[in-house]
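Structure first, commentary second.
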Amino acid sequence: MGQFFKSVRFKIILCITAFFLGIALFSVTKDGKASSSSQVVNSILNPIRKFSNGISDKVSLVVDLFINAEDYEKENQELRQKVAGLNARLIEYEDMKSEIEDLRKFIGIKEENEDFELSPPCTIISRMANDPYGTFVIDKGSKDGIELYDPVVTSEGLVGIITEVAKSYSTVQTILSPELSIGGLCVESRDTGIVEGSLSFAADGKCKMIYIDKENTIKEGDLIITSGNSGQFPQGYVIGYVTETGIEESGLNSYAVIKPAVDSGKINNVMVITDFDRSERENPITPGNLGTAADQAAPPDATDTTETTTTDSDNNSDNLQDDPTDNPDETEPDQIDNETDPTESGED
């Protein structure tokens, strides 16, 4: 190293450095303005200054982190705890907001249906894995007044029924299930049928209304509600909307594909109708074509024929009651003779 300072190269570098420093000092004028030569020197030295300042800042940051590492770690932990607390409060706020909104909707159900007895709002706590029909479990049970086969609803429409009840939870089977049959009524056309689920339609979140008269006028977009004929469901509750219509393969009846008003896979809260007035529902609906497949195979005028037969039978019964003699064969011969030969009576 000592040889370098004594070398000609070092002396040349030293002279050049002194030369530039001299120019820098000379470049400052009395008015405080830099000369052109000073601007040239600064344009050369500025990148070097910027580079050195960057290195200096990084070195200072590393030294600061090394010295204050414990303080920064403690502060970081405190910030993490605060963030976690804020996130928990945000989640709690969103849950409360959702519950309040659901309560408002459920209050609307009660206001529109004064005869309904409703359970407390129920939260969905689990869903059946690999169940194509969307069966789920709620956090209310028999201690909350829930019983087997009670209807499960939201403010938008019918969800399903209770199929299993424990003290503190219940299982709900949705209207997508083929094990659930609901009397349905088309609001626009007044045609009736049976709403059932099927595996093929459940994949798209839909169900099917069957046993519809072939002469129906149901069309896409029509609203389907509960008919209330079975007494299991209240009359007039929304089921869904028609998306497709067609004729069954047998050719005897029509069907309609229904998109439920409630997507059971997207809801978090429901309400259970524990009781309702089955005797005073307004506008009772005359049952339509709601029989079994055997009933559906009967000809269209089967009902008229039955009524005619019944009427004839009633008339015959009335005639028999009017006839004082129940058995004509037991009529006394004298009475017959008197009625058939009045001349003999006159001779006597």
Side-chain angles (χ1 to χ4, degrees), residues 83-182 195 197 201-207 225-226 232-234 236-241 258-277:
V83 171
L86 290 173
N87 286 336
R89 293 179 63 182
L90 179 61
I91 293 173
E92 183 179 355
Y93 168 76
E94 292 295 335
D95 290 342
M96 291 180 62
K97 182 179 177 182
S98 177
E99 289 180 5
I100 291 173
E101 185 64 27
D102 288 335
L103 283 173
R104 288 176 179 173
K105 294 179 179 178
F106 293 144
I107 290 173
I109 296 176
K110 183 63 177 178
E111 290 177 348
E112 294 177 2
N113 305 274
E114 296 181 356
D115 61 315
F116 283 8
E117 294 293 334
L118 299 174
S119 71
C122 308
T123 300
I124 297 175
I125 57 177
S126 67
R127 300 181 186 274
M128 296 297 181
N130 301 321
D131 180 25
Y133 308 118
T135 303
F136 57 84
V137 179
I138 57 177
D139 63 347
K140 298 293 186 293
S142 58
K143 66 181 180 63
D144 303 292
I146 296 176
E147 298 179 353
L148 201 62
Y149 307 127
D150 281 345
V152 180
V153 300
T154 69
S155 59
E156 286 79 18
L158 183 66
V159 177
I161 62 169
I162 300 293
T163 56
E164 182 181 349
V165 182
K167 186 174 181 180
S168 59
Y169 69 88
S170 303
T171 302
V172 178
Q173 190 175 76
T174 71
I175 60 177
L176 301 180
S177 173
E179 298 181 5
L180 179 60
S181 298
I182 308 167
V195 178
F201 289 111
D204 296 327
K206 298 178 181 179
C207 50
I225 61 175
T226 54
Q232 183 176 0
F233 299 93
Y237 216 88
V238 174
I239 297 177
Y241 299 88
I258 300 173
K259 179 69 174 178
V262 181
D263 187 343
S264 59
K266 295 182 179 180
I267 56 176
N268 297 315
N269 300 289
V270 295
M271 196 78 90
V272 179
I273 302 176
T274 57
D275 193 17
F276 60 93
D277 190 350

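If you read the sequence from its start, that first residue is 1, and numbering goes on from there. Keep in mind it's a predicted model, so treat the numbers as computed, not measured.
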Go through it in stages, so that I can follow the logic: the residues are F116 and V153, the test is side chain to side chain contact (heavy atoms under 4.5 Å, CB included), and I'd like the CA-CA distance, side-chain angles, deciding distance and then a yes or no.
CA-CA 12 Å; F116 283 8; V153 300; over 6 Å; no

So I161 and L180, side chain to side chain contact (heavy atoms under 4.5 Å, CB included) or not? Walk me through it.
CA-CA 8 Å; I161 62 169; L180 179 60; 3.4 Å; yes

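Atom CG in L118 sits 10.5 Å away from atom CD1 in I146 (nearest 0.5 Å). Here the CD1-CD1 distance, from I225 to I182, works out to 12.5 Å after rounding to the nearest 0.5 Å. E147 contributes atom CD, which lies 9.5 Å from atom OG of S142 (distance to the nearest 0.5 angstrom). For the atom pair CD1 (I273) and CD1 (I162), the distance works out to 11.0 Å, reported to the nearest 0.5 Å. Atom CZ of F136 is separated from atom OG1 of T171 by 10.0 Å, given to the nearest 0.5 angstrom.
Of the possible polar contacts, none joining the N113 side chain to the D115 backbone as a donor-acceptor pair under 3.5 Å is found. Side-chain atoms of D275 do not come within 3.5 Å of backbone N or O of E117 as any donor-acceptor pair. The closest donor-acceptor contact from the side chain of T226 to the backbone of Y237 lies under 3.5 Å. Between the side chain of S170 and the main chain of I138, no donor-acceptor pair closer than 3.5 Å is present.
Using a 4.5 Å heavy-atom threshold, the side chains of T123 and K140 count as separate. Between T154 and V270, some side-chain heavy-atom pair lies under the 4.5 Å cut-off. The shortest distance between side-chain heavy atoms of P120 and D144 falls below 4.5 Å. Residues T163 and V172 are not in side-chain contact: their nearest non-hydrogen atoms beyond the backbone lie 4.5 Å or more apart. In this structure, P178 and Y133 have side chains that are in contact, with non-hydrogen atoms separated by less than 4.5 Å. Counting heavy atoms from C-beta outward, D139 and S168 have side chains that stay 4.5 Å or more apart. The shortest distance between side-chain heavy atoms of F201 and L176 does not fall below 4.5 Å. The closest side-chain heavy-atom distance from Q232 to Y149 is below 4.5 Å.
Of all heavy-atom pairs spanning D150 and G145, the tightest one is OD2-O, 4.2 Å. Closest of all the heavy-atom pairs between G205 and P260 is O-CD, 3.1 Å. Pairing each heavy atom of P151 with each of L158, the nearest pair is CB-CD1, 4.4 Å.
Every pair passing salt bridge (charged side-chain N to carboxylate O under 4.0 Å, His left out) that includes a residue from residues 155-179 is listed here, sequence neighbours excluded: K105-E156.
Looking at I258, V195, V152, I239 one by one, the single match for side chain to side chain contact (heavy atoms under 4.5 Å, CB included) with I175 turns out to be I239.
More than 12 non-hydrogen atoms from other residues, nucleotides or ligands lie less than 6.0 angstrom from NZ of K143.
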